[in-house]
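Worksheet: the structure to be examined is printed underneath.
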Amino acid sequence: MKVLVLGGAGYIGSHTVYELINKNHKVVIIDNLETGYKQAIHKDAKFYEGDLRDKTFLNEVFKKENDIDGIIHFAANSLVGESMENPLKYYDNNLIGTKVLLEAMIENNITKIVFSSTAATYGEPENIPILESDKTEPTNTYGETKLAMEKMFKWVSKAHNLNYVSLRYFNACGAYKDGTIGEAHNPETHLIPIILQVANGTREQINIFGDDYNTKDGTCIRDYIHVSDLADAHILAMEYLLKGGENNTFNLGNGVGFTVKEVIETAKKVTGKDIKAVISERRVGDPAVLVASSQKAKEVLKWNPTRNSLEEIIKSAWKWHSLNPNGFDNN
Ligand code: UDP
């Protein structure tokens, strides 16, 4: 198949591009390089630099690449903390970007889309593990904009010839097996990269955001899922849509939760380094526990995450961080 990947220079986008190309699919990438990196773009993908909110640009790409089978859409802002400080940035990029994209898809008769959603759509969960049918009440702007994106797809698909799959990721982590691409945000805010930056000496300490949650050691519990397993799920979801699958929403996680302290302990074991950790204030908008049930993705998409031990995940991330202590900046 020929797939247009929006945000293919970003973390999950670039890993999905690598897996698509490994499976001999054709890939076209659009990325504005605001948070993505040129160095993360696979050499066999065709790359257009530009912004989703630019309809003229989108139409030009769609006209040139007129045999696209479907779109995988990662192009969004995705930081909980930043979304609380600058909510309108999130409404603008995540919602206006998607609105313009939908207009261009309709005009160019592109009818299949798989897109990134998030566990943050649930807010404080009512049950653990979380099911797709559970209530969605986001506790931060990021989750709210992703939920609004999901709803935009739902209503637009009722009026137009369009089918979508929404993938609600839990905590994406890890890196490509050979360590050539991995997680690199600037500034970095995610737990595992920050811990590994302490291990590789580019950061002094990790601040643990709160140790007074109602969990076994007081720190937040998350479900960490390898980015290449997420990548596989996107390809399966696109194949599902192309085979006529109906609109659908799937959780993607491992179904196992780890506390922040457990992640730090595992990273110490994997890296053999001492990792300085300091307890600090809770971060606004953080739910105590997020763990997925991914039963539906396993049943419907036949998704089979294989890189699922936390130790293996951190090992793969450590390979990337030790080979590239400054992320993509020195490549
Ligand atoms: N966290 C932390 N210190 C940090 C970054 C994250 O204690 O410097 C915690 C955060 O509160 C959350 C977990 O680690 O409970 C995962 O956070 P991350 O930002 O990686 O992902 P999120 O869960 O926000 O998607």
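Index from 1, following the sequence. Indexing begins at 1, ligand by ligand and atom by atom, following the structure's order.
The contact set between ligand 1 and Tyr224, taken as ligand atoms under 4.0 Å from a residue heavy atom, comprises 13 (C), 16 (C). Shown in contact with Ile208 at under 4.0 Å from a heavy atom are these atoms of ligand 1, numbered in order with element: 7 (O). Within ligand 1, counting atoms from 1 as listed, the ones closer than 4.0 Å to a heavy atom of His190 are 18 (P), 19 (O), 20 (O), 21 (O). Taking a cut-off of under 4.0 Å to the non-hydrogen atoms of Ile194, the atoms of ligand 1 that pass are 8 (O). Taking every non-hydrogen atom of Thr189 and a distance limit under 4.0 Å, the qualifying atoms of ligand 1 come out as 5 (C), 19 (O). Atoms of ligand 1 found under 4.0 Å from any heavy atom of Ile206 (numbered from 1 in listed order, with element): 3 (N), 4 (C), 8 (O). Distances below 4.0 Å separate heavy atoms of Cys220 from the following atoms of ligand 1: 15 (O).
Residue Phe209 has at least one nitrogen or oxygen atom sitting less than 3.5 Å from a nitrogen or oxygen atom of ligand 1, judged on distance alone. Between Asn207 and ligand 1, at least one pair of N/O atoms sits closer than 3.5 Å.
Summarising the geometry, atom CG belonging to Leu167 is positioned 5.0 Å from atom CG belonging to Leu252; distances are rounded to the nearest 0.5 Å. A distance of 9.0 Å separates CZ in Phe153 from OH in Tyr164, rounded to the nearest 0.5 Å.
Neither the backbone nor the side chain of Tyr169 comes within contact range of ligand 1; no heavy atom lies under 4.0 Å. Heavy atoms of Arg222 found under 4.0 angstrom from ligand 1 belong exclusively to the side chain. At a heavy-atom distance under 4.0 Å, only side-chain atoms of Asn171, from C-beta outward, approach ligand 1.
At a cut-off of 3.5 Å, with distance as the only test, no side-chain donor of Lys296 or Asn251 sits close to an acceptor on the other residue. Remark: the Glu65 side chain and the Tyr48 side chain contain an N/O donor-acceptor pair separated by less than 3.5 Å. With 3.5 Å as the limit, one finds a donor-acceptor pair spanning the side chains of Tyr90 and Glu82.
Just one of Tyr18, Phe250, Tyr169, Tyr240 meets the ring-ring contact (aromatic ring centres under 6.0 Å, His included) condition when paired with His234; it is Tyr169.
For the pair Lys315 and Trp318, the cation-pi criterion (under 6.0 Å, within 45° of the ring axis) is not fulfilled.
Nearest protein neighbour of atom 24 (O) of ligand 1, counting heavy atoms only, is Arg283 NH2, 2.8 Å.
Looking at Ile264, Val263, Val260, Thr219 and measuring to atom 9 (C) of ligand 1, the nearest heavy atom belongs to Val260. Taking all heavy atoms of Asp211, Leu191, Asp286 into account, the minimum distance to atom 11 (O) of ligand 1 is reached by Asp286.
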Taking only distance into account, with no hydrogens and no angle test, what donor-acceptor pairs under 3.5 Å do side-chain atoms of residues 204-212 form with protein atoms, sequence neighbours excluded?
residue: Gln205; atom: NE2; partner: Asn207; partner atom: OD1; Å: 2.7
residue: Asp212; atom: OD1; partner: Arg282; partner atom: NE; Å: 3.0

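Residues passing the side-chain hydrogen bond (donor to acceptor under 3.5 Å, both in side chains) test with Thr98 are His73, sequence neighbours excluded.
In the hydrophobic clustering of ILVMFWY residues, with side-chain heavy atoms under 4.5 Å counting as a link, Leu191 and Phe258 come out together.
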